[in-house]
Amino acid sequence: MAKPYIFKFGGSSLKTATCIAGVVDIIAGFEKPLAVVTSALAGITDLLVEAGDERGRVAEIRDTIQQRHLETGRELGLRSETLNDFEAYLDTTLDDLAAAATGNGRTRDLVLSIGERLSTNLLAAALEARGIGSRYVDSRPVIRTDSHWSEARIDLSATHRQITETLAPILDEGDIPVVTGFLGSNEAGETTTIGRNGSDLTATLLGRCLDANEVWIWTDVDGIYTADPRYHEGAKVLPEISFREAAEAAYFGATVIHPHTLWPVLETEVAVRIKNTFKPQNGGTLICAEPKQRGKILITTSVEGVAVITVGGYGMVGVPGVAATIFTAVKETGTNVLMISQSSAEHNITFVIRDQEVHETVASLERALSEWIEKDHLIDRIRVVTDVAVITVVGENMRGRYGIAGKIFSALGRSRINVIAIAQGSSEYSISMVLKEADMRRAIDAIHGELDEENHGN
Ligand code: ADP
Ligand code: ASP
Ligand code: MG
């Protein structure tokens with residue numbers, strides 16, 4: 001049998017019945033073997049999160065989700081028999097919302113899983129209605145994870161076995177498996193989720209385990225752009241980009257793919273393509289190991305909602321173990337550090353974390369460093385600056401080339417934007433800077449404008 005393609009449709013491709021009908025057209029016009037992965041309809045996962053956070057609203061949210069899916073089913077023109085089946089599925093699935101009352105990690109994941117189960121079942125019904133042989137697959141028994149609720153990690157060997165056992169026979173029969181993204185289950189069979197926006201990862205897992213031809217991630221933009229096209233008019237779509245560049249860009253805020261999307265296919269021949277559901281005729285962006293135009297591009301990305309923490313003191317200089325103590329204290333809270341920069345002249349260690357993790361992290365640092373602060377006076381401050389953003393420029397282009405950092409900082413200087421901290425990725429293909437959140441858009445425009453010439457001049 002030919003190698004299958006894997007298509008993943010994000011929530012932005014599944015907003016309305018019209019969008020879903022477009023998705024059905026795309027699938028209908030494509031060759032088989034094909035497997036499809038689906039996210040929840042746009043906005044549904046956010047509603048499910050709200051149901052978990054505000055238990056008083058569970059009944060109202062249940063109603064909203066039910067109406068939205070039923071209306072979408074009706075607008076899709078499903079026959080009454082199909083619609084009745086879907087309505088029954090909707091009812092039983094929504095019963096899991098009752099778990100929101102318990103409010104722990106386990107029940108939260110069960111509640112979050114509702115969105116993908118409904119959207120995927122609905123898409124499978126819409127495909128059947130068009131006479132396209134397809135099979136709804138709940139991925140929970142297929143994607144095996146640990147029990148790290150909300151951010152569960154994949155057990156690759158069990159997942160590989162289960163994907164092959166479950167999906168290969170469906171492909172062999174000439175049908176299209178239509179699979180829930182984002183969901184898995186642990187060894188005990190309890191529902192887990194693999195991180196917000198995680199359906200991208202479900203798709204690449206299928207790509208790897210089914211030895212796919214390519215994985216196509218369908219979304220609402222033409223591909224990966226040189227900057228977020230929502231905010232930066234001059235941003236241009238990139239025809240090709242390397243795995244490493246895409247992974248780095250995603251990590252530093254290019255939200256078009258989830259940062260964990262690419263690991264399953266890194267050591268494989270399986271390339272990933274980003275395509276626009278609303279303009280399927282466009283080529284999109286190919287993410288692969290060896291792009292033909294290797295090393296020509298620079299992407300400017302940003303992460304908002306972060307804070308800078310600086311631990312400083314003249315006594316810190318040359319004292320062994322300070323950095324280790326700081327980052328052990330940070331790690332104990334489970335906080336993810338986005339970027340680190342050290343300045344020996346000012347005797348500072350500076351790092352960037354998410355806003356919502358500041359409180360716990362500072363408390364942990366104060367505990368771990370209390371002796372050095374109070375008794376030995378080696379450290380005299382833990383300073384927190386909030387309302388900052390990290391801007392990163394990514395490109396293999398930067399390695400061993402002179403002048404790019406200079407251009408970036410001149411552009412910021414001309415726009416009178418102050419840089420709080422700088423770090424270069426050890427890989428030498430990214431450079432990150434911290435600045436005030438209020439300056440972010442302007443800074444990206446300035447940097448992006450300056451680098452545009454680099455992108456086209458060589
Ligand atoms: P989906 O629902 O398909 O998963 P997402 O909202 O997760 O869609 O991802 C698509 C969005 O990613 C785009 O609408 C775009 O605004 C945003 N985005 C951020 N950075 C980039 C970039 N560099 N290139 C393309 N899109 C980007
Ligand atoms: N529906 C989930 C979310 O909104 C997963 C995804 O869209 O990939 O996070
Ligand atoms: Mg997404």
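For ligands, and for the atoms within them, numbers begin at 1 and follow the listed sequence.
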Counting only pairs under 3.5 Å, give me each side-chain donor-acceptor contact of residues 187-194, with atom names and distances, residues two or more places apart or in other chains.
{"residue": "Glu190", "atom": "OE1", "partner": "Asn186", "partner atom": "ND2", "Å": "2.8"}
{"residue": "Glu190", "atom": "OE2", "partner": "Arg106", "partner atom": "NE", "Å": "2.6"}
{"residue": "Glu190", "atom": "OE2", "partner": "Arg106", "partner atom": "NH2", "Å": "3.4"}
{"residue": "Thr191", "atom": "OG1", "partner": "Arg140", "partner atom": "NH1", "Å": "3.0"}
{"residue": "Thr192", "atom": "OG1", "partner": "Thr145", "partner atom": "OG1", "Å": "2.7"}
{"residue": "Thr192", "atom": "OG1", "partner": "Gly184", "partner atom": "O", "Å": "3.3"}
{"residue": "Thr192", "atom": "OG1", "partner": "Ser185", "partner atom": "N", "Å": "3.4"}
{"residue": "Thr193", "atom": "OG1", "partner": "Asp109", "partner atom": "OD1", "Å": "2.9"}

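- Salt bridge absent: Glu357 and Arg354 never bring a charged side-chain N and a carboxylate O closer than 4.0 Å.
- Considering backbone and side-chain atoms together, Asp200 places no N or O closer than 3.5 Å to any N or O of ligand 1.
- Nearest non-hydrogen protein atom to atom 24 (N) of ligand 1 is Tyr225 N, 2.9 Å.
- Distances shorter than 4.0 angstrom do not occur between any heavy atom of Ser13 and any atom of ligand 1.
- Checked against a 3.5 angstrom limit, the closest N/O atoms of Gly11 and ligand 1 fall inside it.
- Interface of Ser12 with ligand 1, defined as ligand atoms under 4.0 Å from a residue heavy atom, comprises 1 (P), 2 (O), 3 (O), 8 (O).
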For residues 92-103, which side-chain N or O atoms pair as donor and acceptor with protein atoms under 3.5 Å away, sequence neighbours left out?
{"residue": "Thr92", "atom": "OG1", "partner": "Ala88", "partner atom": "O", "Å": "2.9"}
{"residue": "Thr92", "atom": "OG1", "partner": "Tyr89", "partner atom": "O", "Å": "3.2"}
{"residue": "Thr93", "atom": "OG1", "partner": "Tyr89", "partner atom": "O", "Å": "2.7"}
{"residue": "Asp95", "atom": "OD1", "partner": "Arg62", "partner atom": "NH1", "Å": "3.0"}
{"residue": "Asp95", "atom": "OD1", "partner": "Arg62", "partner atom": "NH2", "Å": "3.3"}
{"residue": "Asp96", "atom": "OD2", "partner": "Arg117", "partner atom": "NH1", "Å": "3.2"}
{"residue": "Asp96", "atom": "OD2", "partner": "Arg117", "partner atom": "NH2", "Å": "2.8"}
{"residue": "Thr102", "atom": "OG1", "partner": "Ala99", "partner atom": "O", "Å": "3.3"}

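- Per-atom contact check: atom 8 (O) of ligand 1 touches the protein, criterion being a heavy-atom distance below 4.0 Å.
- Checking only distances, Thr226 never comes within under 3.5 Å of ligand 1, N or O to N or O.
- No heavy atom of Ser39 sits closer than 4.0 Å to any atom of ligand 1.
- Applying the 4.0 Å criterion to heavy atoms of Gly223 picks out, from ligand 1, the atoms 24 (N), 25 (C).
- In this structure, the side chains of Thr38 and Glu116 stay at 4.5 Å or more apart for every pair of heavy atoms.
- Each of the following atoms of ligand 1 lies closer than 4.0 Å to a heavy atom of Thr255: 7 (O), 9 (O), 12 (O), 17 (C), 18 (N), 19 (C), 20 (N).
- Electrostatic pairing of Arg442 and Asp439 counts as a salt bridge here, judged by a charged N lying under 4.0 Å from a carboxylate O.
- Below 4.0 Å from some heavy atom of Thr219 lie the following atoms of ligand 1, by number and element: 1 (P), 3 (O), 8 (O), 9 (O), 10 (C).
- Applying the 4.0 Å criterion to heavy atoms of Val221 picks out, from ligand 1, the atoms 13 (C), 14 (O), 25 (C), 26 (N).
- The Lys8 neighbourhood of ligand 1 comprises atoms 4 (O), with distances under 4.0 Å to a heavy atom of that residue.
- Within 4.0 Å of ligand 2, protein heavy atoms come from Ser39, Ala40, Thr45, Glu116, Phe182, Arg196, Asn197, Gly198, Ser199.
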Show the atom names and distances, to 0.1 Å, of all donor-acceptor pairs under 3.5 Å that link a side chain in residues 334-341 to residues at least two apart or in another chain.
{"residue": "Thr335", "atom": "OG1", "partner": "Thr333", "partner atom": "OG1", "Å": "2.6"}
{"residue": "Thr335", "atom": "OG1", "partner": "Thr361", "partner atom": "OG1", "Å": "3.0"}

